[in-house]
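This report refers to the structure that appears directly beneath it.
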Amino acid sequence: NAGVTQTPKFQVLKTGQSMTLQCAQDMNHEYMSWYRQDPGMGLRLIHYSVGAGITDQGEVPNGYNVSRSTTEDFPLRLLSAAPSQTSVYFCASSYGTSNYEQYFGPGTRLTVT
Amino acid sequence: AQSVTQPDIHITVSEGASLELRCNYSYGATPYLFWYVQSPGQGLQLLLKYFSGDTLVQGIKGFEAEFKRSQSSFNLRKPSVHWSDAAEYFCAVGGMDSSYKLIFGSGTRLLVRP
């Protein structure tokens with residue numbers, strides 16, 4: 001099992017550019033989520049999905065889009081990158097139902113100049 | 001609104017000394033409680049979790065945590081710290097609704113003196 005994988009590991013964007021952060025899991029988890037991690041702020045939930053075709057907003061969704069066409073994949077799209085989106089992004093997955101334990105990917109470090 | 005507080009931003013302990021990291025939560029009922037560890041440049045790894053039952057839970061790497069309902073706390077402890085424990089530790093709560101979301105504290109960075 002690869003667990004939760006994220007690509008790319010590092011990315012530099014210019015303001016206004018768009019890009020997609022990829023996330024995939026091979027554990028057949030129903031629940032997937034995206035967090036951003038900023039110094040002194042812990043992890044903040046951007047978007048989450050409780051199953052294919054179902055997504056919802058978290059705490060800080062502005063500037064990001066998600067879709068969930070398959071159980072395995074949950075890409076995060078930055079529509080028009082801004083310096084405020086410079087952060088480390090983590091994808092996580094969980095069995096859902098009554099099991100809240102989340103498995104995290106290794107992260108993507110994004111810099112927007 | 002639900003929240004998680006980790007009052008210590010940094011903690012420094014000597015190798016071999018005991019450790020306690022504090023976590024307090026704000027929620028009307030008993031949430032599900034978690035401690036995660038993040039080594040530099042890595043993702044988060046689950047150390048332990050509390051759902052119900054015995055309020056003292058054992059985790060990996062020799063860590064334990066105690067749930068105290070009266071204090072809304074879930075402090076992490078280790079009797080003897082190793083240099084490899086230097087990392088950032090996050091407390092998280094879940095179970096507030098049916099969305100399976102976790103709310104994380106801001107983290108405590110542990111430094112270990114040789």
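By convention in this document, chain letters (A, B, ...) are assigned in the order of the sequence lines, proteins followed by strands, and residues within each chain are numbered from 1.
Two rings, from A:Phe104 and B:Tyr36, have their centers less than 6.0 Å apart. Between A:Tyr35 and A:Phe90, the distance separating the two ring centers is not shorter than 6.0 angstrom.
The contact between A:Leu43 and chain B is made by backbone and side chain atoms together, counting heavy-atom distances below 4.5 Å. Heavy atoms of B:Ile9 lying under 4.5 Å from chain A are absent altogether. In this structure, chain B has a heavy atom under 4.5 Å from the side chain of A:Gln37, while its backbone stays farther away. Contacts between B:Gln45 and chain A at a heavy-atom distance below 4.5 Å are absent for every atom of the residue.
Using a cut-off of 4.0 Å between Lys/Arg side-chain N and Asp/Glu carboxylate O, B:Arg22 and B:Asp8 are scored as salt-bridged.
Looking only at distances, a side-chain donor or acceptor of B:His82 sits under 3.5 Å from a matching main-chain atom of B:Ser84. Counting only distance, with no hydrogens or angles, the side chain of B:Gln71 and the backbone of B:Lys68 share no donor-acceptor pair below 3.5 Å.
Cation-pi contact between B:Lys78 and B:Phe63: present, with separation from the ring centre below 6.0 Å and deviation from the ring axis of at most 45°.
Among residues 105-114 of chain B, the residues having any heavy atom closer than 4.5 Å to a heavy atom of chain A are, in sequence order, B:Gly105, B:Ser106.
Using a 30° and 60° split on the angle between ring planes, B:Phe74 and B:Tyr50 fall in the tilted class, from 30° to 60°.
In this structure, a donor-acceptor pair under 3.5 Å is absent between the side chains of B:Asn24 and B:Ser73.
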